[in-house]
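A quick write-up on the structure given underneath.
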Amino acid sequence: LMIRFAHEMNISRYHFGTDKDNFGPQSPEIFIKMFRYIVNMFKEQQVNNVLWVFCPNVNSIPNELWNAAKNYYPGDKYVDIFGMDGYNWNINRELAASKNQSWTSSWQTFEQIFQPLYQELRSINPDKPIIVFETASVNRTGDPKKSLWIQEALTICKKWGIKGIVW
């Protein structure tokens, strides 16, 4: 059993361990204590059939130094698998306005989306297995082909040694 506990901790909307107003520079420390507490609780109960997943989002929101994914890492003793979550949204201003969203994004390849986090995780531990736990690509008229995006994603995953992808 893999437990992806408190995923995407580097996004303010989740603010694990605090309320949204208190998500800030102390959040990585709070997350680490919380993650370790849960893992230790399982170990104390002699639960031996769990693999623990550390799974940040590809984008840290807010994009501040304190909110980098590596700052949340609980340590090799507590994490068995690295995870990554990221999407090819391609949301222009008009579409964002129609959905009452404040953010936009351009069309990006799988590699453009995941490479910065992939490199950050590899700098933490070059040997931990990595799984993409959340991904997808839009498929709207005028966008590049979604099928090509998927093909490129699989090529990059093979090149990087990614162990799995959840669509």
Side-chain angles (χ1 to χ4, degrees), residues 1-20 22-24 26-64 66-89 105 108-139 146-147 149-167:
L1 175 67
M2 288 184 273
I3 297 181
R4 188 174 65 131
F5 178 73
H7 73 296
E8 299 180 7
M9 73 299 295
N10 58 331
I11 298 180
S12 60
R13 81 175 135 190
Y14 290 122
H15 54 82
F16 294 110
T18 66
D19 59 21
K20 188 169 183 162
N22 289 309
F23 183 77
Q26 74 288 353
S27 294
E29 182 181 339
I30 293 168
F31 175 84
I32 288 169
K33 286 179 183 176
M34 184 178 63
F35 196 101
R36 288 177 178 178
Y37 176 83
I38 296 298
V39 172
N40 286 332
M41 184 175 64
F42 273 66
K43 287 179 180 180
E44 288 168 9
Q45 295 300 312
Q46 299 178 2
V47 178
N48 299 316
N49 62 341
V50 171
L51 296 173
W52 293 95
V53 179
F54 173 73
C55 190
N57 190 64
V58 294
N59 298 310
S60 292
I61 302 168
N63 186 14
E64 303 284 342
W66 64 263
N67 200 31
K70 66 183 177 184
N71 295 336
Y72 290 87
Y73 188 58
D76 288 343
K77 180 179 170 184
Y78 298 92
V79 174
D80 301 300
I81 297 169
F82 286 141
M84 301 189 295
D85 292 351
Y87 292 88
N88 181 31
W89 296 108
S105 67
Q108 293 182 290
T109 67
F110 182 91
E111 187 170 22
Q112 289 170 323
I113 294 165
F114 284 94
Q115 186 170 35
L117 180 58
Y118 171 79
Q119 290 176 334
E120 187 174 355
L121 294 175
R122 282 290 167 241
S123 75
I124 294 169
N125 185 318
D127 300 319
K128 280 237 191 262
I130 297 177
I131 295 174
V132 175
F133 280 92
E134 290 185 32
T135 195
S137 177
V138 295
N139 191 29
K146 180 178 178 179
S147 60
W149 191 92
I150 294 169
Q151 288 174 2
E152 188 253 353
L154 295 174
T155 299
I156 293 300
C157 284
K158 184 176 182 182
K159 176 182 168 185
W160 291 348
I162 301 296
K163 300 301 181 194
I165 303 172
V166 180
W167 185 267

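Given the structure is predicted, the values throughout are model-derived calculations rather than measurements.
- Ring centers of F114 and W160: at least 6.0 Å apart, outside the cut-off.
- Within the model, atoms CG of N57 and CD1 of I11 stand 3.5 Å from one another, a figure rounded to the nearest 0.5 Å.
- The shortest side-chain heavy-atom distance between N40 and I38 does not fall under the 4.5 Å cut-off.
- For K159 and E152, the salt-bridge test fails: no basic side-chain N is under 4.0 Å from an acidic carboxylate O.
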| field | Test salt bridge (Lys or Arg N to Asp or Glu O under 4.0 Å) applied to D127 and R122, step by step | value | CA-CA 7 Å; D127 300 319; R122 282 290 167 241; over 6 Å; no
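- Annotation: the span from M2 atom CE to N49 atom CG amounts to 12.5 Å, rounded to 0.5 Å.
- Residues I113 and N88 form a side-chain contact, since some pair of their non-hydrogen atoms from C-beta on lies under 4.5 Å apart.
- For the residue pair C157 and I165, the shortest heavy atom distance occurs at SG-CD1, 3.3 Å.
- When each of D80, N125, I81, V79 is paired with F54, the side-chain contact (heavy atoms from CB on, under 4.5 Å) condition holds for V79 and for no other.
- Of the inter-residue distances, the one linking S123 atom OG with Y118 atom OH reads 11.5 Å to the nearest 0.5 angstrom.
- Between I150 and W167, some side-chain heavy-atom pair lies under the 4.5 Å cut-off.
- The side-chain heavy atoms of V53 and L51, taken from C-beta on, include no pair separated by under 4.5 Å.
- With N10 contributing its side chain and A68 its backbone, the two residues share no donor-acceptor pair below 3.5 Å.
- Here the closest heavy-atom approach between residue S137 and residue K146 is recorded as O-CE, 3.3 Å.
- With T155 contributing its side chain and Q151 its backbone, the two residues share a donor-acceptor pair below 3.5 Å.
- A donor-acceptor pair under 3.5 Å is formed between the side chain of R36 and the backbone N or O of P74.
- Rounding to the nearest 0.5 Å places CE of M34 at 6.5 Å from CZ of F16.
- The neighbour count for E29 CD, taken as heavy atoms of other residues, nucleotides or ligands under 6.0 Å away, does not exceed 12.
- For K163 against P129, the heavy-atom pair with the smallest separation is CG-CB, 3.8 Å.
- Taking the six-membered ring for Trp and the full ring otherwise, the centers of Y73 and F82 sit less than 6.0 Å from each other.
- For an aromatic pair to be called close, the ring centres must be under 6.0 Å apart, and H7 with Y14 satisfies this.
- T135 places a side-chain heavy atom less than 4.5 Å from the side chain of W149.
- M9 places a side-chain heavy atom less than 4.5 Å from the side chain of P56.
- A distance of 11.0 Å separates CG in N59 from CH2 in W89, rounded to the nearest 0.5 Å.
- Interatomic distance, N71 CG to I32 CD1, rounded to the nearest 0.5 Å: 7.5 Å.
- Between Y78 and W52, the distance from one ring center to the other does not fall under 6.0 angstrom.
- A donor-acceptor distance shorter than 3.5 angstrom exists from the side chain of N67 to the backbone of P62, with no hydrogens or angles considered.
- Looking at S60, its side chain never comes within 3.5 Å of a backbone N or O of N63 through a donor-acceptor pair.
- Counting all heavy atoms, side chain and backbone alike, W66 lies closest to S27 at CZ3-CB, 4.2 Å.
- For the pair F133/M84, no side-chain contact is recorded, criterion being any heavy-atom separation below 4.5 Å from C-beta on.
- No side-chain donor-acceptor contact under 3.5 Å links Q119 to the backbone of P116.
- Looking at H15 and N22, their side chains never come closer than 4.5 Å, going by heavy atoms from C-beta outward.
- Across every non-hydrogen atom of K43 and K77, the tightest pair is NZ-O, 3.1 Å.
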